[in-house]
Amino acid sequence: MTDLLYSEEEEALRAAVRDLLTDHCDAPGVIARTESGTAHDPALWKALSDGMGLAGLLVPESLGGQGASHREVAVVLEELGRAVAPVPYLTSAVVATEALLACEGEAAAQLLTGLASGRTIGVLAVSFATAPGVVFKAVRHENGSLHGELTGIADAAAADVLLVPAEDGALYAVNADAVTITPQVSLDLTRPVAKVTFDGARALLVTSDASAAVRRALRAGAGLLSSEQLGLADWSLTETVRYLKERKQFNRPVGGFQALKHRLAQLWLEVVNTRAAARNAADALATGGEDVDVAVAVAQAYAAPVAVHAAEEALQLHAGIGMTWEHPVHLYLKRAKADSIAYGTAGAHREALAKLVDLQAP
Amino acid sequence: MTDSAELRRRTQELLAAHPPATTERVDFLKARFDAGLAWVHYPEGLGGLGAPRTLQAVVDAELEAAGAPDNDPRRIGIGLGMAAPTILRYGTEEQQQRYLRPLWTGEEVWCQLFSEPGAGSDLAALGTRAVREGDDWVVNGQKVWTSSAHLARWAILIARTDPDVPKHAGITYFICDMTDPGVEVRPLRQITGEAEFNEVFLTDVRVPDSQRLGEVGDGWRVAQTTLNNERVAIGGMRLPREGGMIGPVSKTWRERPELRTHDLHQRLLKLWVEAEVARLTGERLRQQLAVGQPGPEGAGMKLAFARLNQEISGLEVELLGEEGLLYEDWTMRRPELVDFTGRDAGYRYLRSKGNSIEGGTSEILLNIVAERVLGLPSEPRTDKDVAWKDLAR
């Protein structure tokens with residue numbers, strides 16, 4: 001049966017990650033970094049990957065990873081979401097890693113070893129908005145090199161290596177210094193997207209079946225993104241409750257007004273539901289089986305709107321201060337809204353469900 | 001320590017001594033109670049063995065496999081879910097011995113005399129009076145929304161025994177004999193056309209003091225046990241995927257493509273996801289309980305199911321189109337139990353309107369979540385230090 005709880009080890013992992021983030025990823029620091037020209041935090045990434053070995057959770061021990069499962073990764077993502085941490089964890093340690101885990105051969109194994117250590121950051125060169133199972137854009141492969149342009153590639157600016165699907169149906173690895181990466185002005189400042197231009201970039205064949213690798217990668221990304229969304233929504237609720245207990249108007253704490261209490265109680269209910277859906281998806285991904293596609297689609301269809309709702313409520317209930325640049329709620333709203341598109345919108349996942357559970361469109 | 005192997009052995013012993021095929025239903029249930037296999041977490045001698053609650057499933061599975069009769073828990077839900085835990089916690093040994101066995105076997109049905117026309121969400125404002133006369137209490141008042149009152153042998157009753165103290169302090173909890181003179185049950189016809197509930201009029205009903213549960217004036221605290229168990233019972237069902245109201249409408253969608261529209265498709269998928277997620281939350285709550293980490297999720301389950309049931313059944317009526325214009329039957333009936341998914345969509349739509357009212361309105365439950373789970377300030381209490389008799393009514 002699906003295990004929807006957290007194990008003691010998972011709770012210990014959560015505590016360790018949260019401690020690290022408390023010390024090295026505070027909101028003013030994240031806000032300052034968004035304006036510094038390097039959105040990503042290499043020191044934090046090093047602490048997470050080198051220090052704690054978290055980049056290799058999904059990678060087998062034989063390739064230098066931890067041989068853990070999606071359940072542990074989900075816990076890490078909850079905490080990273082709670083901190084809107086500017087690190088390429090979802091893109092490199094989950095999505096690029098999953099793509100490589102779908103591939104056989106020496107090239108994939110070597111790349112996995114690099115990704116597991118965290119010393120190499122890998123990014124799948126498919127638009128961040130792509131839902132699992134839908135058609136994605138590919139570039140042209142000619143005589144061992146790639147030509148073309150891809151947009152909306154999340155965390156490309158931080159990448160050392162890109163995994164690139166080509167029109168010949170294969171997946172190639174390309175070094176980041178062999179391509180032109182042009183940052184796009186992103187809605188989510190903590191996980192920017194970029195345009196990648198290939199002008200005869202030298203490419204290493206990873207697998208001839210890019211489609212299966214990309215599908216697996218995006219499915220894991222979508223399913224585990226719900227844990228990031230859970231962390232984000234949980235922060236929004238907790239922080240708003242804390243603020244409304246302190247903030248006084250009309251000689252009362254604002255949190256004592258029933259109109260606001262009911263909204264927060266409703267939000268709590270949504271967060272509780274999201275936790276069940278996200279845990280279900282993580283456990284399904286970890287254990288495999290027939291139900292994974294349904295579990296992922298349900299989690300993503302449910303969690304994405306909740307995260308947006310939570311951040312929007314946080315902003316509204318903080319009122320004026322919530323509209324400012326100095327208060328971190330905007331980071332959460334931007335991340336939540338971008339996440340609601342990432343790896344397929346809720347609508348795209350509902351459409352997938354319609355087929356999976358036989359509730360066909362007219 | 002009673003473990004699952006031990007429970008399996010005891011269950012097989014019960015089945016060997018009382019073969020279901022040749023034993024009268026009630027006799028089997030009595031024997032099961034006496035063997036401590038009725039509710040294994042109850043104490044020995046009161047239908048249980050003091051075993052972990054989670055092991056009940058072991059017994060139930062063995063008995064079901066052997067074709068043993070069950071005690072029709074839906075029909076006696078108020079007794080099982082509300083009266084029994086309260087009697088277990090606050091009853092005297094004599095009361096426990098007298099009431100629990102026939103309650104569990106279903107020989108005696110229970111109802112609950114709590115709500116009044118003037119005391120719904122503000123239940124502690126109730127005005128039914130109980131006045132001490134020798135060894136008896138004389139009860140006068142009116143109760144409402146009483147399911148099963150027309151079938152019940154016993155009722156759990158809260159009444160005001162001291163009007164001169166603030167409202168929560170002057171309440172006492174009793175067991176009322178529904179066959180006593182002065183108890184009058186009148187059907188209360190509802191929106192669905194049927195009379196599932198009753199009004200109960202109490203006129204000079206004499207309740208012996210030996211039928212009091214807990215101390216005089218402590219009835220509000222006793223009632224909390226009842227009410228907490230009610231909410232657990234309402235939210236605690238275990239469902240397979242599509243096990244609730246989403247099941248019938250999904251089936252109709254699959255079988256009748258001519259009814260499909262794009263708008264309904266979008267709404268159906270959204271509700272399907274929400275129903276599946278609510279089911280997972282319930283499953284997660286059960287897993288927490290099983291490992292002894294009860295979470296506050298239960299407080300939200302009733303809220304979620306109320307809204308879902310209403311939205312899903314509302315959608316279903318629309319999906320049926322011209323058939324949605326029809327209703328099964330407006331004849332006033334007196335059902336013994338509520339059948340949520342077995343009736344037609346129109347009935348489900350109307351009946352589910354009660355889901356956000358019965359057992360605490362959704363608005364009150366949102367307050368409870370906000371205050372007890374999130375720790376937000378409580379509502380202003382203008383009645384806190386005022387004697388009940390001085391409150392505005």
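Labels below follow one simple rule: chain letters A, B, ... track the order of the sequence lines, proteins then strands, and each chain is numbered from 1. No experiment lies behind these values; they were computed from the predicted model shown.
Heavy atoms closer than 4.5 Å to chain A are found in the side chain of B:Arg241, but not in its backbone. B:Glu258 does not touch chain A: none of its heavy atoms, backbone or side chain, sits under 4.5 Å away. Using a 4.5 Å cut-off between heavy atoms, A:Asn280 contacts chain B through its side chain alone, with no backbone atom that close. Looking at B:Pro296, the atoms closer than 4.5 Å to chain A (heavy atoms on both sides) sit in the backbone and in the side chain alike. With a threshold of 4.5 angstrom between heavy atoms, B:Leu268 approaches chain A through side-chain atoms but not through N, CA, C or O. With a 4.5 Å cut-off on non-hydrogen atoms, B:Thr261 touches chain A through its backbone but not through its side chain. Only the side chain of A:Leu269 comes within contact range of chain B, with at least one heavy atom under 4.5 Å from a heavy atom of that chain. Contact annotation for A:Arg263: neither backbone nor side-chain heavy atoms come within less than 4.5 Å of a heavy atom of chain B. In this structure, chain B has a heavy atom under 4.5 Å from the backbone of A:Thr2, while its side chain stays farther away. Both the backbone and the side chain of A:Val357 come within contact range of chain B, judged by heavy atoms closer than 4.5 Å.
A salt bridge is defined here as a Lys NZ or Arg NE, NH1 or NH2 lying under 4.0 Å from an Asp or Glu carboxylate O, and B:Arg284 with A:Asp3 fails to meet this definition. Ion pairing of B:Glu297 with A:Arg275 is absent here, as no side-chain N (NZ or NE/NH1/NH2) approaches a carboxylate O to less than 4.0 Å.
Across all their heavy atoms, B:Trp272 and A:Val294 have their closest contact at CH2-CG1, 4.3 Å.
For the pairing with B:Leu374, the side-chain contact (heavy atoms from CB on, under 4.5 Å) check across A:Val241, A:Leu267, A:Thr238 returns one residue only, A:Val241.
In this structure the side chain of B:Pro257 never reaches within 4.5 angstrom of the side chain of A:Gln360, judged on heavy atoms. Within the 4.5 Å cutoff, side-chain heavy atoms of B:Glu283 are placed close to those of A:Leu4. With contacts defined as side-chain heavy-atom distances shorter than 4.5 Å, the pair B:His265/A:Pro362 qualifies.
How far CG of B:Leu376 is from CH2 of A:Trp268: 12.5 Å, rounded to the nearest 0.5 Å.
Within 6.0 Å of CD on A:Glu246 lie more than 12 heavy atoms contributed by other residues, nucleotides or ligands. Counting heavy-atom neighbours within 6.0 Å of B:Trp145 CH2, excluding the residue itself, gives a total of 12 or less. Sparse packing is recorded around OH of B:Tyr349, with 12 or fewer heavy atoms of other residues, nucleotides or ligands lying under 6.0 Å away. Within a 6.0 Å sphere centred on NZ of B:Lys270, other residues, nucleotides and ligands contribute 12 heavy atoms or fewer. Annotation: A:Lys337, atom NZ; neighbour count of heavy atoms from other residues, nucleotides and ligands within 6.0 Å does not exceed 12.
A donor-acceptor distance shorter than 3.5 angstrom exists from the side chain of A:His262 to the backbone of B:Glu363, with no hydrogens or angles considered. In this structure a side-chain-to-backbone donor-acceptor pair under 3.5 Å is missing from A:Lys261 to B:Val369.
The residue among B:Val277, B:Val273, B:Val373 with the most heavy atom pairs within less than 4.5 Å of chain A is B:Val277. Most heavy-atom pairs under 4.5 Å with chain B, from the set A:Ala297, A:Ala354, A:Gly347: that is A:Ala354. The most heavy-atom pairs under 4.5 Å with chain A, out of B:Ala304, B:Ser362, B:Ala370, come from B:Ala370. Between chain B and the options A:Val272, A:Leu353, A:Asp358, A:Leu260, heavy-atom pairs under 4.5 Å are most frequent for A:Asp358.
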